[in-house]
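One structure is given below, encoded as structure tokens.
Every chain is numbered from 1, with letters handed out A, B, ... down the list of sequences.
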There are 2 protein chains.
Amino acid sequence: MDNRELEIFLTLAELLHFGRASQVCNLSASALTRTIQRLEEQVGQPLFLRDNRTVSLSAAGEQFRIYARQALQEWQQFHTAIKSEQTIAGTLSIYASITAVYSLLPDLLESYRNAYPEVQLELRTGTAEQAVGQVQTGEIDLAVAALPDRNRSQIEFLPITTTPLVFIAPLQPESSIALTIEEQLDLSKTPLVLPQAGLSRRRLDKWLKSKRISPNISSEVSGNEAIIPMVKLGCGVSIVPQLVLERSPFRDEVQILKNAPQLEPYVVGLCSTKRNLQRSSVQAFWQLAEDQSL
Amino acid sequence: MDNRELEIFLTLAELLHFGRASQVCNLSASALTRTIQRLEEQVGQPLFLRDNRTVSLSAAGEQFRIYARQALQEWQQFHTAIKSEQTIAGTLSIYASITAVYSLLPDLLESYRNAYPEVQLELRTGTAEQAVGQVQTGEIDLAVAALPDRNRSQIEFLPITTTPLVFIAPLQPESSIALTIEEQLDLSKTPLVLPQAGLSRRRLDKWLKSKRISPNISSEVSGNEAIIPMVKLGCGVSIVPQLVLERSPFRDEVQILKNAPQLEPYVVGLCSTKRNLQRSSVQAFWQLAEDQSL
DNA sequence: ATACTGTGTTGCGCAAAACACAACATGACT
DNA sequence: AGTCATGTTGTGTTTTGCGCAACACAGTAT
């Protein structure tokens, strides 16, 4: 009971002529005969009354014609409906870490919105830490965040850009920081403003541990965005991803230390699951990011 | 886009597990995978989001599920509707010649009505002459009538019974007829009541011509049923099919002439077209008549 | 670390279904 | 009687669908 068979039936029901109908359907006459025979077997009743001269619809045929018309129409409707939605639509929930919000997201979001204005966007922000978790549980389709250190299972990651972690210091440094500006930074003496947790904290810890340095911590703050004003106030030096610094309103009120340790750079990109990547709205975002990072 | 494929889809959409769904459908896992792939190709979008761990419906899948449910339900409805009508129903229009109405029809109609009470019957009566024409033009499904002399094209005939054409005379014959009752009938002398047209007229004409007799015609009437009262009134002798005589209310008021010429007997039966015989209501009548005539 | 388990997918041979071509059957027309 | 028109049936070929086995992949256990 294929849709095609229904179309064949309808053609014959209209033309009432096996020969012509078979031509219209691009079928041999015998194939048409057998198709109708199959249908009649499935329906359980003759659909056409044949006569070596003429063909006409039986009572069952009339009813089947109504059924077939409706069935085909509904398929058409469904198909066009689905195709019209093919113009990538639906919803897309994005989670962005603060870092990402300041760096990649504006460009990406703008391109996406221009390309696929039909998609209903939902944007949530939070720490990069939570990003992967949210993606994994399915609460969120996609995250724009720094690459987590350990690649978690079932997570697809698309790196878009890297940005170095830079050390920053106040423009008018106090005495304890003064000398560090032109000299090699000595982290055991210079007061440090540290993120409470997060990737950059782990990077720094790792580095400090490898150098066996115990730092002089002046304060701990949560989140990269809070670090910059703290440094500006003179609490100490700190590290932030360069991208974050560039987009900060305080970017001109702190300075980057040149003679500072080189930490592993941030890799910022997209996180999603294989499953979500099968959805067109997600796939489109992914594709777009892939293209832009080229 | 077979109905079976829709069922398979719905099963998987419910279980969300290829392995179990394939078992439920009596299918190998690979066949299920490919069935879904076929469907997805026809729909033009993925229906399921797969992950090596879990399966879930995509947005298109959700919509397709609604479509599939409806399509299947409509097929079910159509099928049960058609099957319930399988108890031979519909309409059956019967044309019966007067002869038939008096002879075969009562029994046949009663049996038919008992066997297939659902069929809406339509009965028209008229001359045997018109019967074949009406069947041929399709105005009537079936005719119960005497076999027409020349078998017309596309007409199926089922003989049911034969009945002789008998000569009848009044019980109290007038002088001119008196002697004929015991003697050999002399048609050139005896006054005749003749049907104006019709099969029995043709039979008689044929016989007379072969014997080169010019008859003594007392009156002409139209229709077999009118002949009997005319004979009873003493207008002359005449011929009627025996079956007609037997069912006539005047059957006891005329007598059958034994020493009369033997005319070719009437063959009474069913007329229809091949085309109409494909309809169950017609076929059933035919079948019934076939059985009864055994 | 390595093997094992659960799950969906792909390669491949085979069997069933569908098809085209030709022959046939039937009835009408000449 | 022969020819035409039309639907059906016989037969060999192509296409489709299926099952089995192997694979791919990710989690989990040893």
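Heavy atoms only, all atoms of each residue included: B:Ala145 and B:Ala131 are closest at CB-CB, 4.0 Å.
For the pair B:Arg50 CZ and D:dA24 P, the interatomic distance rounds to 19 Å; values are reported in whole Å. B:Asp2 places its CG atom 9 Å from the P atom of C:dA18, with the value rounded to the nearest Å. Rounded to whole Å, the distance from CG on A:Asn52 to C1' on D:dT8 is 9 Å. If you take CZ of B:Phe48 and P of C:dG8, they are 11 Å apart, rounded to a whole angstrom. Atom-to-atom, CG of A:Leu32 to P of C:dA20 comes out at 10 Å; the value is rounded to the nearest Å. We find that CZ of B:Phe18 is positioned 9 Å from C1' of C:dT9, with the value rounded to whole Å. C:dG8 atom C1' lies 14 Å from atom CD of B:Gln23, rounded to whole Å. When the P atom of D:dT8 is taken as reference, atom CD of A:Glu41 falls 15 Å away, rounded to whole Å.
For A:Arg34 against D:dG10, a side-chain N or O and a base N or O form a donor-acceptor pair under 3.5 Å. For a distance-only test at 3.5 Å, the side chain of B:Ser30 qualifies as a donor-acceptor partner of the base of D:dG19.
When the nucleotides C:dG8, C:dA20, D:dG7 are ranked by their closest atom to the side chain of A:Val55, D:dG7 comes out on top. Picking from D:dG19, D:dC25, C:dT7 the nucleotide with the shortest atom distance to the side chain of A:Lys274 gives D:dC25. Among the nucleotides C:dC19, D:dT8, C:dT10, the one closest to the side chain of A:Leu27 is C:dC19.
Within 6.0 Å of the CZ atom in A:Arg4, the count of heavy atoms belonging to other residues, nucleotides or ligands does not exceed 12. In this structure, B:Glu74 places its CD atom where more than 12 heavy-atom neighbours from other residues, nucleotides or ligands lie under 6.0 Å away.
B:Ser58 and A:Arg279 share no side-chain donor-acceptor pair at under 3.5 Å.
Classified by interplanar angle (parallel below 30°, tilted 30° to 60°, perpendicular above 60°), the ring pair A:Trp75/B:Phe64 is perpendicular. Taking the six-membered ring where the residue is Trp, B:Phe18 and B:Phe48 present perpendicular rings, their angle passing 60° and hence far from 30°.
OP1 or OP2 of D:dA5 has not a single side-chain nitrogen or oxygen of A:His17 nearer than 4.0 Å. Between D:dG7 and A:Gln37, no contact under 4.0 Å exists linking OP1 or OP2 to a side-chain N or O. At least one side-chain nitrogen or oxygen of B:Thr33 sits closer than 4.0 Å to the OP1 or OP2 atom of C:dT9.
Residue-level contact check: A:Arg38 touches the backbone only, with heavy atoms under 4.0 Å from sugar-phosphate atoms and none from bases. Among the protein residues, A:Thr35 comes within range of the sugar-phosphate backbone only, with heavy atoms under 4.0 Å from sugar or phosphate atoms but none that close to a base. As judged by a 4.0 angstrom heavy-atom cut-off over every strand, A:Arg4 is placed among residues touching the sugar-phosphate backbone only.
Comparing A:Ala29 and B:Leu12, the nucleotide of DNA chain C nearest to each residue sits closer to the 5' end for B:Leu12. Residue whose closest nucleotide on DNA chain D sits further toward the 5' end, between B:Ser28 and A:Leu16: A:Leu16.
Between A:Arg124 and A:Glu122 there is a salt bridge, since at least one side-chain N of the basic residue sits less than 4.0 Å from a carboxylate O of the acidic one.
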Please produce a list of atom pairs where a protein N or O lies less than 3.5 Å from an N or O of nucleotides 13-15 of chain D.
none

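The closest donor-acceptor contact from the side chain of A:Gln278 to the backbone of B:Asp51 lies at 3.5 Å or more, if one exists at all.
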